[in-house]
Amino acid sequence: MADQQQWVERVFEFEFPVDRYRELIERLERTPARLDELTNALAVRTLVTRHEGAWSIQENVGHLLDLESLFMGRLDDYDAGAEELRPADMTNRATEAAGHNDREIHDLLKEFAEQRGKLVKRLKKLSADAFARSAYHRRLDVQMRLVDMCHFQAEHDDHHIAKIEVLREILS
């Protein structure tokens with residue numbers, strides 16, 4: 001897992017048209033089902049085992065859940081016409097303190113599906129013009145349209161899904 005590119009080292013180019021928002025919403029909407037499929041029928045031991053100090057499968061799922069409130073807050077930022085998006089806690093303090101390995105995977109998946117469902121429902125209600133709204137993302141040092149934020153979030157989902165896939169191979 002050491003060879004996987006770290007999330008904070010990723011470079012993003014947001015040069016695609018705004019009208020891609022529909023396919024990005026679809027990607028975001030599919031994440032709960034993908035997580036369910038990946039974790040389905042895994043032994044608890046496999047779900048909660050850390051490998052080389054990295055988060056367990058269950059902690060990766062919990063981390064995605066933890067960040068749903070950030071994305072919802074950033075939607076609020078776009079709606080309010082904020083010049084700058086609220087920052088993420090790059091220490092991941094919430095995930096580290098949450099005790100996700102002490103929970104049932106079913107409960108984590110259900111809560112994530114509920115939260116992501118709310119997010120997707122909110123995105124689907126927006127007009128096409130809303131996805132062109134822009135605000136500054138400090139860590140990336142870019143002006144980011146809402147459609148870019150959707151792409152960023154979908155890529156973050158995929159990053160953790162890839163980590164889960166690797167852990168499944170290693171631990172199963």
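This is a predicted model, so every value here is computed, not measured. Index from 1, following the sequence.
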Exercise. Given the rule that I, L, V, M, F, W and Y join up when any side-chain heavy atoms are under 4.5 Å apart, are Ile105 and Val44 in one cluster?
Worked result: yes
Got a salt bridge between [X] and [Y], using NZ or NE/NH1/NH2 to carboxylate O under 4.0 Å?
X	Y	answer
Arg20	Glu23	yes
Asp36	Lys110	no
Asp158	Arg27	yes
Glu68	Lys118	no
Arg30	Glu26	yes

Nearest atoms (heavy-atom pairs only) where [X] meets [Y]:
X	Y	answer
Glu29	Pro32	O-CD, 3.3 Å
Leu24	Val147	CD1-O, 3.5 Å
Tyr78	Ala135	CE2-N, 3.8 Å
Leu42	Ile57	CD1-CD1, 3.9 Å
Leu119	Phe71	CD2-CD2, 3.2 Å

For this session: Apply side-chain contact (heavy atoms from CB on, under 4.5 Å) to Leu171 and list each qualifying residue two or more places apart in sequence or on a separate chain.
Result: Thr46, Thr49, Leu167
Seminar exercise, completed: By side-chain contact (heavy atoms from CB on, under 4.5 Å), Glu104 pairs with (sequence neighbours left out) Asp107
Exercise. Phe16 ring centre to Arg145 NZ or CZ under 6.0 Å, with the angle to the axis within 45°?
Worked result: yes
Does any donor atom in the side chain of [X] or [Y] lie under 3.5 Å from an acceptor atom in the other side chain?
X	Y	value
Glu96	Trp55	yes
Asp66	His100	yes
Ser127	Asp129	no

Please round to the nearest 0.5 Å and tell me the distance separating atom [atom1] of [X] and atom [atom2] of [Y].
X	Y	atom1	atom2	value
Leu146	Leu123	CG	CG	6.5 Å
Leu64	Glu59	CG	CD	12.5 Å
Gln153	Thr31	CD	OG1	8.5 Å

Exercise. So Phe152 and Phe12, would you call those rings parallel, tilted or perpendicular, with 30° and 60° as cut-offs?
Worked result: perpendicular
Seminar exercise, completed: Going by chain and number, the hydrophobic cluster around Leu67 (ILVMFWY, side chain to side chain under 4.5 Å) further includes Leu70
Exercise. Does the ring centre of His159 sit less than 6.0 Å away from the ring centre of His63?
Worked result: no
Would you say [X]'s side chain and [Y]'s backbone share a donor-acceptor pair under 3.5 angstrom?
X	Y	result
Asp77	Ala82	no
Arg138	Pro87	no
Arg116	Leu28	yes

Exercise. Can you find a heavy atom in the side chain of Phe14 that is under 4.5 Å from one in the side chain of His151?
Worked result: yes
